[in-house]
Amino acid sequence: MKISQVNLYHLRMLLQAAFKTSFGSTLERECILLEARSEGLVGYGECVADRDPGYSYETSQTAWHVLKDFLIPVILNADLKSAQDLQDEIKHVRGHPMAKAGLEMVVWDILGKRDGQSLQNLLGGDGKAVQVGVSVGIQKDQKTLIEVVDSYLQKGYGRVKLKIMPGRDVVDVSAVRQAFPELRLQVDANSAYDLDSAPAIYPLDDLDLLMIEQPLAEDDLWDHRQLQTRFTTPICLDESIESDRHARQALEMDACRVVNIKSGRVGGLSQGMAIHKLCFSAGVPVWCGGMLETGVGRAANLALASLPGFVYPGDISATDRYYAEDITNERFHLNPDSSIDVPDKPGLGISIDTQALQKFTIEKITVE
Ligand code: OSB
Ligand code: MG
């Protein structure tokens with residue numbers, strides 16, 4: 001398979017409501033859509049880097065630069081038989097996993113369309129639907145938080161993740177636990193604590209949480225290991241796990257007992273699968289994280305989440321939790337059992353709404 005042309009679309013899309021985390025608040029989500037031509041086929045990929053370097057150092061601008069000037073030029077017209085071939089071509093570029101992951105997604109979409117195989121089949125996933133939950137941002141007060149959680153329960157979500165930060169942690173989470181004693185509940189701090197401030201969240205251990213996600217710094221496996229000794233609740237790592245090597249080291253030192261896998265964060269679906277494979281053989285549960293994706297990235301997440309080691313519900317919510325209008329013609333709906341169907345058409349199994357795409361595009365270039 002050869003790619004002869006890639007169009008990059010820098011998108012800005014209005015979220016249904018501001019999403020506040022310990023690293024900032026987002027109302028307009030940015031990302032890059034990749035559209036590639038290959039021997040009569042068109043493939044798509046989503047690069048999840050956002051406008052600001054809050055979750056990671058990558059931004060939509062750095063990813064644009066790295067895709068346009070370094071990644072796409074070296075793979076244009078290269079003979080790519082697999083996603084691994086793509087990774088081999090671009091491995092001299094250090095870092096920038098979100099940019100790489102967007103390009104790898106394109107390759108999977110084209111290979112799937114060429115061979116008439118869904119991404120789920122190509123990855124070795126199984127099942128008609130995957131269990132999902134909803135990630136709830138920090139709200140203006142406790143009453144609003146409980147109302148927001150309740151509204152998602154009414155919609156049928158069976159698992160809720162609450163974002164926390166210093167000053168908005170134990171009291172908020174306790175209130176939600178009291179209001180919903182049976183709820184499958186977990187929290188995500190996005191690195192807002194260190195070992196000195198972490199004692200403030202020790203009481204979370206008594207709130208029957210599924211896990212505590214990324215309490216400490218992204219580059220700090222060792223202190224997570226120290227913190228895990230303080231908690232019965234499993235620590236889950238998100239930002240800290242950028243490769244299967246990180247995952248292996250984290251498991252070896254007991255820095256976490258659950259791993260959040262996001263293909264964007266780790267440089268592509270193939271690296272996500274490698275982490276899954278490692279955790280699966282070690283008996284460590286994983287789940288699929290989210291980056292407020294459009295329908296393009298959501299389709300890829302659903303396929304990945306259908307692999308057997310993804311035992312906790314994913315941060316993969318229905319389209320209407322994120323966007324009133326999306327760039328895919330397909331919208332993803334929540335089933336009554338808190339699941340979402342995995343696309344079964346070739347490749348990602350989605351098509352682009354060109355009018356919506358035009359509306360959300362703030363910049364476009366062609367690399368050929
Ligand atoms: O840390 O999991 C995170 C969104 C953007 C950046 C980081 C994270 C998140 C979420 C939302 O928690 C997950 C989703 O529903 O897409
Ligand atoms: Mg997270």
Side-chain angles (χ1 to χ4, degrees), residues 13 15-31 46-60 63 97-98 101 130-139 148-149 152 155 157-165 185-193 209-218 224 234-242 246 250 256 258-266 272 275 286-302 304-305 310 312-323 326 332 334 338 340:
M13 293 171 57
L15 287 166
Q16 297 276 32
F19 184 65
K20 186 177 175 195
T21 64
S22 64
F23 60 80
S25 180
T26 306
L27 181 57
E28 292 182 303
R29 170 80 176 132
E30 291 194 9
C31 68
E46 176 169 348
C47 167
V48 296
D50 203 347
R51 190 191 67 182
D52 299 345
Y55 170 80
S56 88
Y57 63 80
E58 285 184 276
T59 67
S60 37
M98 292 176 179
V130 297
Q131 287 292 313
V132 303
V134 61
S135 176
V136 176
I138 292 163
Q139 304 296 318
V148 169
V149 169
Y152 286 125
K155 288 198 154 85
Y157 288 101
R159 188 230 67 183
V160 171
K161 171 168 122 180
L162 303 179
K163 291 290 187 177
I164 58 168
M165 62 189 279
L185 187 64
Q186 62 193 68
V187 297
D188 185 1
N190 290 108
S191 299
Y193 301 86
L209 303 179
L210 293 171
M211 66 191 83
I212 298 170
E213 184 178 343
Q214 197 67 41
L216 308 178
E218 66 284 357
H224 277 106
I235 287 180
C236 166
L237 290 179
D238 175 355
E239 285 92 323
S240 290
I241 307 296
E242 293 180 355
H246 287 164
C256 68
V258 179
V259 176
N260 166 324
I261 299 181
K262 292 178 182 169
S263 67
R265 187 191 72 232
V266 304
I275 296 170
V286 305
W287 57 286
C288 185
M291 293 292 293
L292 311 174
E293 284 89 349
T294 72
V296 176
R298 194 167 323 290
N301 285 345
L302 288 163
L304 183 66
F310 286 78
Y312 286 108
D315 270 351
I316 313 171
S317 308
T319 304
D320 69 1
R321 177 258 175 271
Y322 306 97
Y323 302 107
D326 200 349
F332 295 93
L334 189 71
S338 193
I340 297 182

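Along the sequence shown, residues carry numbers from 1. For ligands, and for the atoms within them, numbers begin at 1 and follow the listed sequence. Keep in mind that the numbers below use all heavy atoms, side chains included, and drop hydrogens, waters and symmetry copies.
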### Query
Taking only heavy atoms of Glu213, which atoms of ligand 1 are found under 4.0 Å from at least one of them?
2 (O)

### Query
Looking at Lys161, which atoms of ligand 1 are within less than 4.0 Å of one of its heavy atoms?
2 (O), 3 (C), 12 (O)

Polar-atom distance check: [X] versus ligand 1, any N or O pair below 3.5 Å?
X	value
Asp238	yes
Ser317	no
Tyr55	no

#### Entry: Gln214-Asp188 side chain donor-acceptor pair, cut-off 3.5 Å
no

## Note on the structure
ang(OD2 Asp188, the Mg ion (ligand 2), OE2 Glu213) rounded to 10° is 90°

### Within reach of ligand 1, part of Asp50 (heavy-atom separation under 4.0 Å)
neither

### Query
Is it the side chain, the backbone, both or neither of Lys163 that has a heavy atom closer than 4.0 Å to ligand 1?
side chain

### Message
Heavy atom to atom 4 (C) of ligand 1, shortest distance: which of Tyr322, Phe19, Phe23 holds it?
### Response
Phe19

### Summary
The option among Ala189, Ser135, Gly264 carrying the non-hydrogen atom nearest to atom 10 (C) of ligand 1 is Ser135

### Query
Any idea which protein heavy atom is nearest atom 6 (C) of ligand 1, and the distance to it?
Met291 SD, 3.6 Å

### Message
I need the nearest protein heavy-atom contact for atom 9 (C) of ligand 1: residue, atom name and distance, please.
### Response
Gly290 O, 3.6 Å

### Task
Answer yes or no for Gln214: is there a heavy-atom contact with ligand 1 below 4.0 Å?
no

### Short N/O/S contact of Asp238 with the Mg ion (ligand 2) (below 2.8 Å)
yes

